[in-house]
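In this chain, residues are counted from 1 in sequence order. For clarity, every value in this text was computed on a predicted model and none was experimentally measured.
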Amino acid sequence: MGSRSNTVDTVGLVLLVAVAGLVVWKLQAPMASGPPLAPGTPMPPMDVAGWLNVPEGEAFDPAGKVVVVDLWATWCVPCRQEIPRLAEVAKRYRPLGVAFVGLTSETERDLPRVREFIADTPGFDWPVGYGAMDFWNALEIPGIPVTIVFGADGRARWSALGAGQAGLEAALDEALAERGKAEGGGGKAQ
């Protein structure tokens with residue numbers, strides 16, 4: 001009976017590892033076609049459990065801003081690869097009024113790991129909301145990393161699934177030009 005019990009335990013463990021691997025693969029698998037979010041989709045409320053990289057007691061407010069939303073997690077290798085690239089883009093576009101925000105599904109129990117990754121990543125100084133599953137679920141995000149550009153009107157202009165996707169800067173230039181037209185001015189990164 002002991003040998004049969006060990007076999008059942010082994011099979012159960014193998015199945016558990018296979019299911020966990022499938023979940024991770026699904027969260028990181030690129031979409032077959034099209035952007036993960038349709039242009040024009042409104043930004044849902046940023047209901048999160050808490051904020052990092054903002055003054056204590058405050059929250060990130062996207063109202064009226066061109067916003068880059070990065071959906072990521074510390075356990076996601078492509079996410080960890082994408083954030084340094086976003087830091088370079090942020091360095092060029094934040095002076096033009098573009099806001100950057102990171103949202104992770106990770107919870108308060110994961111904060112030590114999240115804080116460590118933020119501290120170890122040069123330029124990763126934008127607001128980070130943790131416990132952001134309501135935002136992810138509202139947009140039916142298919143996997144991560146997902147980067148979304150929302151215009152000043154709060155509607156999606158561009159989105160991409162995966163690290164290193166082309167088009168972010170062009171989307172920001174367009175969103176800034178739209179904002180500039182609405183305000184009677186303009187703005188574009190050099």
Side-chain angles (χ1 to χ4, degrees), residues 27 30-31 33-73 76 79 82-83 85-107 114 118 123-189:
L27 286 173
M31 291 186 68
S33 64
L37 192 62
T41 301
M43 182 189 308
M46 290 194 180
D47 294 329
V48 300
W51 290 97
L52 301 172
N53 290 348
V54 297
E56 190 165 331
E58 291 186 26
F60 173 76
D61 181 10
K65 301 173 186 167
V66 173
V67 179
V68 174
V69 176
D70 177 41
L71 304 174
W72 70 286
C76 167
C79 299
E82 180 68 358
I83 290 176
R85 179 179 85 104
L86 287 177
E88 290 300 315
V89 174
K91 194 184 315 181
R92 290 192 314 272
Y93 282 89
R94 286 187 359 188
L96 299 173
V98 175
F100 285 70
V101 62
L103 298 176
T104 180
S105 62
E106 292 169 288
T107 65
V114 173
I118 291 169
F124 190 5
D125 57 0
W126 52 85
V128 173
Y130 58 91
M133 278 311 295
D134 288 345
F135 186 93
W136 291 27
N137 290 337
L139 296 177
E140 299 179 8
I141 298 302
I144 54 175
V146 167
T147 307
I148 308 166
V149 173
F150 287 96
D153 64 355
R155 296 195 171 274
R157 296 291 183 268
W158 175 89
S159 63
L161 174 62
Q165 299 295 323
L168 175 59
E169 292 89 343
L172 287 171
D173 290 341
E174 288 177 25
L176 288 169
E178 285 177 20
R179 184 189 71 190
K181 287 178 192 172
E183 295 174 351
K188 185 175 179 180

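Looking at Phe135 and Leu71, their side chains come closer than 4.5 Å, going by heavy atoms from C-beta outward. Side-chain contact between Leu168 and Arg85: present, with at least one pair of heavy atoms (C-beta onward) separated by less than 4.5 Å. Residues Ser159 and Val149 have side chains not in contact (no heavy-atom distance under 4.5 Å, counting atoms from C-beta outward). You'll find the side chain of Val98 reaches within 4.5 Å of the side chain of Phe100, heavy atoms only. When side chains are defined from C-beta on, Leu37 counts as touching Phe150, because their heavy atoms get closer than 4.5 Å.
Taken from CH2 in Trp72 to CD1 in Ile144, the straight-line distance is 9.5 Å, to the nearest 0.5 Å. The CG atom of Asn137 lies 9.5 Å from the OG atom of Ser105; values are rounded to the nearest 0.5 Å. Between the CZ atom in Arg157 and the CG atom in Leu172 there is a gap of 11.5 Å [rounded to 0.5 Å].
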Exercise for review: Please test Val128 against Leu103 for side-chain contact (heavy atoms from CB on, under 4.5 Å), starting from the C-alpha separation and ending with a verdict.
Suggested key: CA-CA 6 Å; Val128 173; Leu103 298 176; over 6 Å; no
Practice item. Just do the side-chain contact (heavy atoms from CB on, under 4.5 Å) check on Trp158 and Ile148 with the steps written out, would you? Key: CA-CA 6 Å; Trp158 175 89; Ile148 308 166; over 6 Å; no
Point to revise | Test side-chain contact (heavy atoms from CB on, under 4.5 Å) applied to Gln165 and Glu82, step by step | key: CA-CA 9 Å; Gln165 299 295 323; Glu82 180 68 358; over 6 Å; no
Check your understanding: Stepwise, does the side-chain contact (heavy atoms from CB on, under 4.5 Å) test hold for Val68 with Val89?
Key -> CA-CA 10 Å; Val68 174; Val89 174; 5.9 Å; no
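Not a single donor-acceptor pair under 3.5 Å links the side chain of Glu178 to the backbone N or O of Gly151. Checked by atom type and distance alone, the side chain of Thr104 never pairs as donor or acceptor with a backbone atom of Tyr130 at under 3.5 Å.
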Hey, can you pull the donor-acceptor pairs under 3.5 Å for the side chains in residues 41-60, sequence neighbours left out?
residue : atom : partner : partner atom : Å
Thr41   : OG1  : Ala38   : O            : 2.6
Asn53   : ND2  : Trp126  : O            : 2.9

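Considering all non-hydrogen atoms of both residues, Ala152 and Arg179 come closest at CB-CG, 4.0 Å. Nearest heavy-atom pair across Cys76 and Pro145 is SG-CD, 3.9 Å.
In this structure, Asp125 pairs ionically with Arg94, as a charged nitrogen and a carboxylate oxygen lie closer than 4.0 Å. Glu88 has a carboxylate O that lies under 4.0 Å from a charged side-chain N of Lys91, or vice versa, which qualifies the two as a salt bridge.
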